[in-house]
Every structure is written in structure tokens, then in C-alpha cells.
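Worksheet: the structure to be examined is printed underneath.
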Amino acid sequence: MRLLVHDSVSPVFAPALLVDYLTSEGVDATTDCHPTDADGVVAFAHDDALLDAPWVHAITAGYDDYPVEEYHEAGLTFTNSTGIHGTSVGESVVGHCLTFARRLHRYRDRQHDRQWEHEPYEAAFTLSGERACVVGLGTLGQGVAVRLDALGMDVVGVRRTPALVPGVSEVVTPDDLHDAVSDARFVVLTVPLTDETTGLVDAGVFATMREDAYLVNVARGEVVDQDALVTALESGAIAGAALDALDPEPLPAESPLWGFEEVLITPHCAALTNDYHEAVGDLVVTNARRIGRGADPVNRVV
Ligand code: NDP
Ligand code: 7N6
């Protein structure tokens, strides 16, 4: 079994890091062959040459940018990296919520002006006792839920299968999204981008949210109606937003979202961490071995 680590992974980690890790685990890997000559390709983005490979592994959980139907028709095996982001994204979301509650973003803004000044007395709050609504309760959602619960928050969740998961006190289905967000201080988006979730958070949802509520989007930009978000922020329908996923990416310089004091924009980095290549590598090794012995790979999409 010989694997190609595709150059598209470069924005996330140096391809050689994964080649070295796979080699150390006894899997033959290179950055330098054509997909046709490899038994599998590890990629961050699709290109048509991947259609010539028997197996493509996405280093991401989201695969909304991949032509899954074409892969299916081409008869290739396609696997993703769901399962590895609970800790990194969970900690990032805790950071977003704490930043707003403890006003850290405003102090950091003022630091650049060497300004020693308190926030208004009413502005600071504690997460403990506040409610979060987490939309999507897979790896990301559960990673978020257990951490916010540990900070004393009441966490409710939304998913299509209304089964409870650790850290969550109540789960409802998407039909009850409005009810679920209506009394939450934080609404956290951790769903995949699908036909059902495109534009899920729209003007109606913002109208239902509390005026002191924050949206946290670590899913995909398209899950939110971004024009409606700008309107909601301008009108004070919600208090603010932490946005790690935007539409489009990078967010254009002229977007009004850059300018709000209560908006925290991060460049799709909530999952980035210095052992990301190892977490992906472990999945790739597992699947290389499984495929090698004719077993079904884990995290199979098609
Ligand atoms: P999982 O497949 O583990 O979880 C997805 C969850 O969403 C499940 O609980 C599923 O439950 C729920 N879900 C699916 N459709 C709907 C719907 N229409 N309404 C409500 N809930 C729904 O995926 P991950 O947690 O690993 O990743 C989720 C997404 O997060 C990725 O697809 C990706 O887009 C994004 N992501 C972003 C990262 C970042 O860096 N910002 C990092 C990693 C992922 P059920 O089936 O019961 O509905
Ligand atoms: C860069 C982010 C995912 O879907 O969006 C994330 O896994 C990946 C590592």
C-alpha cells in the first residue's frame, strides 16, 4: 500500500510531516507520485486527478466541497476525518464564550491604545448558570457540550435523532430550533453543511434569539444567512458573534462583519493544533490497514 500526501494539505500542515508520521507507523507514503500510481491519496481539497485514485481520504470532517456523487460513480472509496476535532474545537468554543463573557476582546482592543479602562459594570458576566444551545451533537457538538457543561452552563442540543449525549440536559429536533435558541445566551453551530442546514440560521432565528445572545459558528459559513446576521447585529437583535466559518472564505475586506466590536472573526482555525497531522495520520493508518485486508474503512462517506 503506497499513499500520496497531496500538496493541497499544505495550508494545514507541511505534507512532509504526515509522510514522516505515516512512514514511522510502517505505511509507505510520498509527496511525489501521480494519484493513479497511489493506492490512496490524503487531501485537503478536491482536484480532478483524485478521480484516478482508488481511495481518497479528506483531512477534514466536512466534505461539502468534494464531488461525492462523482466519487461514487467513479467507484472510489472516500473517507473523512470526523472524530478528531472534539478537543480542539471544543476548547476554541470555550475560548469564544469566555472572551465575550469576561470581555477579553474589548480589553485586548484597548491594549493597543495603552488604555487602562473598565468595561461598563453591566457588561461582564459569568458563563456559570447561562444556557447554551448547541446545534449538531456529533464530534464537535459533544466536544463543546461537555466543556460548557463543566463550566456550569446548562446545555441544550439540536439534532435530527433526539438522543441525549454527555453534557446535554435536553435534545430537540430541528423542528424545535426556534424554541431551543429562544432562551440561550450562546447558540453554537456544529452541524455539517447539507441542503437541510444551508441558511438554517436566518432572520427568523435571529428574531427569536435573545438580544443579549451570541452566535458561535464553527460549522460552515453557509449555515448562516450572513446578510441576516449583519442586519441582526446592526439592529441589536443579538449581542454579537464569534465566526470561525464564513461565506466566502477568506472573508472579503469590505465585509461589514469585520467592523463590529462584538464580532470575533477567526480564519477557520478552530480545529488547528500542532498534532493535527498525527490525528489524521492515525485515521489513515487504520484505514490503510483495513483496506489492505479487504475490510471496510472507518469514516467511509462513499
Ligand atoms: P459529525 O458527523 O460527528 O456530527 C454532525 C452532527 O450534526 C450530528 O450530531 C448530526 O446528528 C447533526 N446533524 C446533521 N444534520 C443536522 C440537521 N439538519 N439539523 C441538526 N443537526 C444535524 O460531524 P463533526 O462534528 O465531526 O463535524 C461537523 C461539521 O463541523 C463538519 O461537517 C464541518 O463542516 C464542521 N467542522 C468545522 C471545523 C472547524 O475547523 N471550524 C472542524 C471540524 C468540523 P443527527 O444525524 O442526529 O442529526
Ligand atoms: C482545517 C479545518 C473540518 O471540516 O473545517 C474543518 O474538518 C477543517 C483543518
Side-chain angles (χ1 to χ4, degrees), residues 8-14 17-18 42-46 57-66 68 79-93 95-96 133-146 155-168 171-181 187-202 205 215-224 242-247 249-251 264-281 283 298-301:
S8 62
V9 305
S10 300
V12 181
F13 50 73
L17 274 180
L18 181 55
V42 184
F44 180 54
H46 171 76
H57 180 86
I59 67 164
T60 52
Y63 50 85
D64 44 281
D65 271 349
Y66 288 82
V68 174
T79 52
N80 76 350
S81 294
T82 190
I84 67 171
H85 308 104
T87 301
S88 54
V89 177
E91 290 187 6
S92 292
V93 171
H96 295 139
C133 174
V134 180
V135 186
L137 290 175
T139 301
L140 263 61
Q142 294 184 39
V144 169
V146 292
V155 184
V156 299
V158 181
R159 66 183 298 188
R160 294 165 305 177
T161 329
L164 274 178
V165 299
V168 171
V171 179
V172 301
T173 58
D175 293 343
D176 290 324
L177 176 67
H178 282 226
D179 265 0
V181 301
V187 175
V188 184
L189 306 179
T190 48
V191 277
L193 178 64
T194 63
D195 289 347
E196 281 174 333
T197 63
T198 301
L200 180 73
V201 179
D202 58 9
V205 172
L215 177 73
V216 180
N217 187 7
V218 287
R220 286 290 183 267
E222 294 88 338
V223 175
V224 175
L243 307 169
D244 186 60
L246 290 129
D247 176 25
E249 293 183 1
L251 184 67
L264 186 57
I265 291 173
T266 50
H268 206 135
C269 58
L272 295 185
T273 192
N274 56 12
D275 58 0
Y276 195 96
H277 66 288
E278 293 183 10
V280 166
L283 274 174
V298 298
N299 284 4
R300 184 175 197 150
V301 179

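Bear in mind the structure is a predicted one, so any value in this text is a computation, not a measurement. In listed order, ligands and their atoms are each counted from 1.
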Margin query: Heavy atom to atom 27 (O) of ligand 1, shortest distance: which of Val191, Leu140, Asp175 holds it?
Written below: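 The residue whose heavy atom sits nearest atom 27 (O) of ligand 1 is Leu140.
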Item checked: His268, Glu249, His85: member with heavy atom nearest to atom 6 (C) of ligand 2 ->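 That would be His268.
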Notebook entry, point to check: So, is Ala61 polar-close to ligand 2, with some N/O to N/O distance under 3.5 Å?
Noted result: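 Looking only at distances, the answer is yes, because the N/O contact criterion of under 3.5 Å is met.
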Item checked: Within-cut-off N or O pair, Thr60 and ligand 2, under 3.5 Å ->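 Thr60 vs ligand 2: no N/O contact under 3.5 Å.
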Check: What part of Leu272, side chain, backbone, both or neither, has a heavy atom within less than 4.0 angstrom of ligand 2?
Finding: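 Near ligand 2, Leu272 shows its side chain, while the N, CA, C and O stay back.
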So which protein heavy atom does [atom] come closest to, and at what separation?
atom	result
atom 37 (C) of ligand 1	Val218 O, 3.0 Å
atom 11 (O) of ligand 1	Arg159 NE, 3.6 Å
atom 23 (O) of ligand 1	Thr82 OG1, 3.6 Å
atom 46 (O) of ligand 1	Arg160 NH2, 2.8 Å

Notebook entry, point to check: For the residue pair Phe13 and Tyr276, does the interplanar ring angle fall in the parallel (under 30°), tilted (30 to 60°) or perpendicular (over 60°) class?
Noted result: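 Because their plane-to-plane angle lies in the 30° to 60° range, the rings of Phe13 and Tyr276 count as tilted.
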Check: Where does Thr197 meet ligand 1, judged by heavy-atom distances below 4.0 Å: at the side chain, the backbone, both, or neither?
Finding: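 Only the side chain of Thr197 comes within reach of ligand 1.
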Check: What do you reckon, does Tyr63 put a non-hydrogen atom under 4.0 Å from ligand 2?
Finding: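 Judged by the 4.0 Å heavy-atom criterion, Tyr63 does not count as contacting ligand 2.
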